[in-house]
There are 2 protein chains.
Amino acid sequence: MVSRTIRTRSGGRGTGRPTLEEVAARAGVGRGTVSRVINGSPRVSDRTRAVVEAAVAELGYVPNRAARALAANRTDAIALVVPEPEDRFFAEPYFSDMVRGVGAALAETDMQLLLTLAGSDRERRRLGQYLAAHRVDGVLLVSVHADDSIPDMLEDLSIPAVISGRRSAAETLAAVDSDNFEGARSAVAHLAARGRRAIATITGRLDVYGAQCRLDGYRAALAAAGLPPDARLTAPADFTEEGGRRAMRELLGRCPELDAVFAASDVMAAGARQVLREAGRRIPDDVALVGFDDSAVARHMDPALTSVRQPIEEMGRTMAEVLLQEIEGRTGERPQIVLPTELVVRESS
Amino acid sequence: MVSRTIRTRSGGRGTGRPTLEEVAARAGVGRGTVSRVINGSPRVSDRTRAVVEAAVAELGYVPNRAARALAANRTDAIALVVPEPEDRFFAEPYFSDMVRGVGAALAETDMQLLLTLAGSDRERRRLGQYLAAHRVDGVLLVSVHADDSIPDMLEDLSIPAVISGRRSAAETLAAVDSDNFEGARSAVAHLAARGRRAIATITGRLDVYGAQCRLDGYRAALAAAGLPPDARLTAPADFTEEGGRRAMRELLGRCPELDAVFAASDVMAAGARQVLREAGRRIPDDVALVGFDDSAVARHMDPALTSVRQPIEEMGRTMAEVLLQEIEGRTGERPQIVLPTELVVRESS
DNA sequence: AGGTGCTGTGGGAGCGCTCCCATGTGTGAT
DNA sequence: ATCACACATGGGAGCGCTCCCACAGCACCT
């Protein structure tokens, strides 16, 4: 553990912490040189670097972040903005995985991570002020709806940002997404390979690009398996459990002969499972069920749910890395990275 | 939504945001006066204040936090330090409630909240540097073990801190705690009032002061109900589900005749429930079960678990308020606040 | 008329850094 | 030996604010 004696300078309102200047004096070099060493500039001789590093260690010097921020016009902080209410943020493992990934990428740097929930209007207003005040160098945007105003705001303020999940095929922001199309395709191909013929799907809100991709993947897999498309086998929902229930009832009413369901989220699959149970259908004997997200819900479901795993933690790490590059370079490249998904087969299919 | 035109100053690396000086010029007053208005000093005439406020609004002035921090030698940020690994932090509703409460108290101020997990040694080291660098004005310490070094570190660095849950009866830090003794007492009194005679308890780690208080409350309730103390009815555990299972097996082996169990946490109660089930005991018919924390676990258990509710959110709010006062006043009062608990009776008792 | 004590205000100094220009100091080519 | 040009280094200027001292203006007393 770091343990250090506190020295107090004779006068003034000093805090007793050593400054750059004091380190410079100790090392017998100039202020600029110490600054270069601290910031890892290559333009310092090895000898000098060693002397300075010794002085830093002896004095227990730690840079004053506020001074650095003021002089360099940056904050060394990035915000993870989650436009969701607090309870959802904590409830969904999605976010904790994301935070873990982001944290991992940031651990190397001395960037500070600010968690910002922007669920309510009040919080969004505060966020607006926050961004206007340029109190962060960049923003990680998670779970954004297509019509959200935050991306525009960031654009206006020219604050570097990375979004998780593209808002459309023509996403303009830097984005890190998982391969929703391929994930859905593989899930449905898996059902077809097991001999299922009447494969239904419960979609997410189709104004969410990822939900549309999953639907496209579903259709592609059907086509590849030589199964004719059937509009009655597609039921729209909204990513909620209740929506899943409603859609499942709808499907059951329309196509009692269905033998498999691909739900575009685990939560919707949970709703579907309940309705299937009530209707006396056995899973997977009568109806196979596959979800998406591979969340805790999937593992704890009875029977355990086959699901498409998204590499959330890796997405978080990648987002942070991309953002750091954007902040660094400001090249305006805006990379779009798509990470692969993985089908996790369990009992429900 | 805040929407503001970005003006760019002709040269330099300026960000285009107005400064105090520009507001002063606009309002036709001095820099100091604007500063006084911004900071709510009473030493400004009403007329001047109005003029300055108009200028602030016109220019869309937002103070530069870094400059303020540098000049005033404070950071306007506090850290919520959780010495737990990431997964526990997100898993337990305890923390989300706590964050909500703290957030509520901070919403008024422009204090920034930093979440700091110090579960691993690596993270603790980083935290040490963080604190040494005085990057926060104060610290909220949650879920601290008796032998933790963080409180000492804070003391050494004379950083204001508030702890949740006292470490001992003689807590030296400012603390906000719930009334563990009274919570346990009321839970056990409730069991006794329902005619239970052989009331066992599964304790938490007794080096945690709160766990000791709960045990004391249990004993006090037994005494008050005229039930003889019986050492065989007390099984130590460690707040985990597995510990709860182990303790329950132990109790069942030692005292097959027990008709009630008070577990010092809901999670341990969940473990106990499982063992009771396996042993063929019906809840609450054969054995009544009461937990502590009133977490989601309690509500979702089958049967729903009677539990002692701690006002976590209120504790968070109170902690933040106390900390703000400490930072403000530095009076060295170190208040110790104990908040009442509430017994929530459900099906398990 | 001069003193005394307010309140309100202006602006200098300085917080601890980074940036950058000016100044050495050493190397190799001429 | 001389010039050119690298690299290494020192330190001035300045980031935008707070703190605080100085001073103006006014009311009230002696």
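Just so it is clear: chains get the letters A, B, ... in the order the sequence lines come, proteins before strands, and each one is counted from 1.
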- Nearest non-hydrogen partners of A/A55 and A/A27, listed with the distance: CB-CB, 3.8 Å
- Should B/S35 be listed as having a side-chain N or O under 4.0 Å from OP1 or OP2 of D/dC17? no
- Item | Which atom of A/V162 lies closest to which atom of A/V322, heavy atoms considered | CG2-CG1, 3.7 Å
- Considering only heavy atoms, which members of residues 38-46 of chain B lie under 4.0 Å from some atom of DNA chain D? B/N39
- Message: By nearest heavy atom, map B/R47 and B/A67 onto DNA chain C; which one lands nearer the 5' end?
- Response: B/R47
- State which of C/dG10, D/dC15, C/dG14 makes the closest approach to the side chain of B/A71. C/dG14
- Whole-Å distance between D/dG16 P and B/D76 CG? 18 Å
- Rounded interatomic separation in angstrom, taking CG from A/L70 and C1' from D/dC15: 4 Å
- Under 4.0 angstrom, heavy atoms only, what part of the nucleic acid is B/R65 near: base, sugar-phosphate, or nothing? nothing
- Message: Looking at the base of D/dG10, is there any donor atom on it, or on the side chain of A/R36, that sits under 3.5 Å from an acceptor on the other one?
- Response: yes
- Message: Angle between the end axes of the helix from C/dA1-D/dT30 to C/dT30-D/dA1, five pairs per end, to the nearest 10 degrees?
- Response: 50°
- Message: Rounded to whole Å, please give me the gap between CG in B/L20 and C1' in D/dC19.
- Response: 13 Å
- Item | Rounded distance in Å - CD (A/E22) to C1' (D/dG11) | 17 Å
- Query: So what does A/R31 hit on the nucleic acid, given a heavy-atom distance under 4.0 Å: a base, only sugar-phosphate, or nothing?
  - Reply: base
- Is it true that a side-chain atom of A/D137 and a backbone atom of A/R74 form a donor plus acceptor pair closer than 3.5 Å? no
- Message: So that I can tick it off, tell me whether B/R166 and B/D177 are bridged by a salt bridge, with the cut-off set at under 4.0 angstrom between side-chain N and carboxylate O.
- Response: yes
- B/R17 CZ to D/dC15 C1', straight-line distance once rounded to whole Å: 11 Å
- Task: Decide, yes or no, whether a salt bridge links A/D76 with B/R135 under the criterion of side-chain N to carboxylate O below 4.0 Å.
- Result: no
- Between A/L115 and A/V82, does a side-chain contact (heavy atoms from CB on, under 4.5 Å) hold up when you go through it step by step? CA-CA 8 Å; A/L115 283 184; A/V82 183; 5.5 Å; no
- Starting at CZ of A/R68 and ending at P of C/dC17, how long is that distance when rounded to a whole Å? 8 Å
- Give the rounded distance in Å between these two atoms: CG of B/N73 and C1' of D/dT18. 11 Å
- Write down the atom of B/A105, the atom of B/E321, and the distance for their closest heavy-atom approach. CB-CG, 4.3 Å
- Message: Assess the residue pair A/L70 and B/N64 against the criterion (side-chain contact (heavy atoms from CB on, under 4.5 Å)); give the C-alpha distance rounded to whole Å, side-chain angles, the decisive distance to 0.1 Å, and a yes or no.
- Response: CA-CA 8 Å; A/L70 178 59; B/N64 179 318; 4.3 Å; yes
- Query: Under 4.0 Å between a side-chain N or O of A/T33 and OP1 or OP2 of D/dT9?
  - Reply: no
- Decide, yes or no, whether a salt bridge links B/R334 with B/E155 under the criterion of side-chain N to carboxylate O below 4.0 Å. yes
- Message: Expressed as a whole number of angstroms, how long is the span from A/R49:CZ to D/dC7:P?
- Response: 15 Å
- Query: Out of C/dT18, C/dG16, D/dC19, which has the shortest distance to the side chain of A/T19?
  - Reply: C/dG16
- Would you mind checking if A/D97 and A/R100 are paired as a salt bridge, meaning a charged N to carboxylate O distance below 4.0 Å? yes
